[in-house]
Amino acid sequence: MLQTFAVIDFETTGLSPAHGARPTEVAAVLVRNGQIYDQYHSLMNAGVYVPPMIEALTGISNAMVRSAPNVNVVMGEVAEFVGRYPLVAHNAAFDCKFWDAEFQRLKLKRQQEFICSLLLARRVYPGAYSHKLNVLAKYLGLPAAERYHRALADAQVTAHLLLDIKENLKRRFALSQVTSDLLLTLQKTPAKKMAGHIEKYSAAINSSA
DNA sequence: TGCCAGGCCCTCTTTAGGGCCTT
């Protein structure tokens, strides 16, 4: 059975919702059968100030945010768009914090786990000199983004990274498919023990294919 | 005005420290 993954990326006003940071933009990219087949993207207005450093980093200005749809509308739309598909993000701990904080404001509860492409990339590509998203994209020869630090571009690059990770694992360990359950396990598995865990999973995965 | 976090992971570690990664 083909599995769908929802790759998401937030641009925000800072690093922590616990200190008042809010999202300014979100993108979600649906990945299935080795390719991107749908995507959602929107700026959003949470009524917060965009610091100059963030505007310089992302190109998202206070004027852009002021004229964007309300944060509650956008979060409702992106939640509906991703449904119950497993969520994927680069450094998922960051996006998970903002996802959960905005869901809490809407009195919604997250339905699925977050898969972290950063944790996976550190295990699958230990030779990369950095595991930043843009560095990995260049290192792996992934389709280049027009610019980084915009939600849709970063989500698209992360989607290609996820596909590359899955293909790498399939090739190296002769897997017929790479499930979200396997990725959730691997991202918590020490790199040295990864092969052992995959062998344990591969028999069940291949027999059910 | 525009401050600020925190989990992972390595090592000169485990009674800790510091770099990486996200905005």
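Chain naming here is simple, since letters A, B, ... match the order of the sequence lines and numbering starts at 1 in each. All figures in this text were calculated on a predicted structure; none of them were measured in a lab.
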I'd like the [atom1] distance from [M] over to [N], given in whole Å.
| N | M | atom1 | answer |
| --- | --- | --- | --- |
| B/dA5 | B/dT23 | C1' | 11 Å |
| B/dC8 | B/dT13 | C1' | 15 Å |
| B/dC9 | B/dT14 | C1' | 14 Å |
| B/dC12 | B/dG18 | P | 15 Å |

Please work out if [X] contacts a base, only the sugar-phosphate, or nothing of the nucleic acid, heavy-atom cut-off 4.0 Å.
| X | result |
| --- | --- |
| A/F98 | nothing |
| A/H90 | sugar-phosphate |
| A/T24 | nothing |
| A/R123 | sugar-phosphate |
| A/D154 | sugar-phosphate |
| A/I54 | base |

*Using a 4.5 Å cut-off on heavy atoms from C-beta on, say whether the side chain of A/M75 contacts that of A/W99.*
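A side-chain contact under 4.5 Å exists here.
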
*Does CD belonging to A/E146 count more than 12 external heavy atoms closer than 6.0 Å?*
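At most 12 heavy atoms, drawn from other residues, nucleotides or ligands, come within 6.0 Å of this atom.
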
*Which residue, A/A93 or A/D9, contacts DNA chain B at a nucleotide closer to its 5' end, judged by nearest heavy atom?*
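This one resolves to A/A93.
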
_Between A/Q187 and A/E11, which residue's closest nucleotide on DNA chain B lies nearer the 5′ terminus?_
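Checking each residue's closest nucleotide, the 5'-ward one belongs to A/Q187.
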
_Side chains of A/N168 and A/R172, donor plus acceptor under 3.5 Å_ = yes

*Using chain A heavy atoms and a threshold of under 4.0 Å, write down where along DNA chain B the contacts begin and end, 5' to 3'.*
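Span of nucleotides near chain A: B/dG2 to B/dT23.
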
*Going by the angle between their ring planes, with limits at 30° and 60°, are A/Y125 and A/Y139 parallel, tilted or perpendicular?*
perpendicular

*asked:* Could you work out, with salt bridge (charged side-chain N to carboxylate O under 4.0 Å, His left out) as the rule, every residue matching A/D100, not counting sequence neighbours?
replied: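 Residues passing salt bridge (charged side-chain N to carboxylate O under 4.0 Å, His left out) with A/D100: A/R110.
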
*For A/V178 and A/K166, work out which heavy atoms get closest and say how close.*
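Distance-wise, the nearest heavy atoms are O-CE, 3.5 Å.
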
_Please determine whether a side-chain nitrogen of the Lys or Arg among A/E11 and A/R150 lies less than 4.0 Å from a carboxylate oxygen of the Asp or Glu._
no

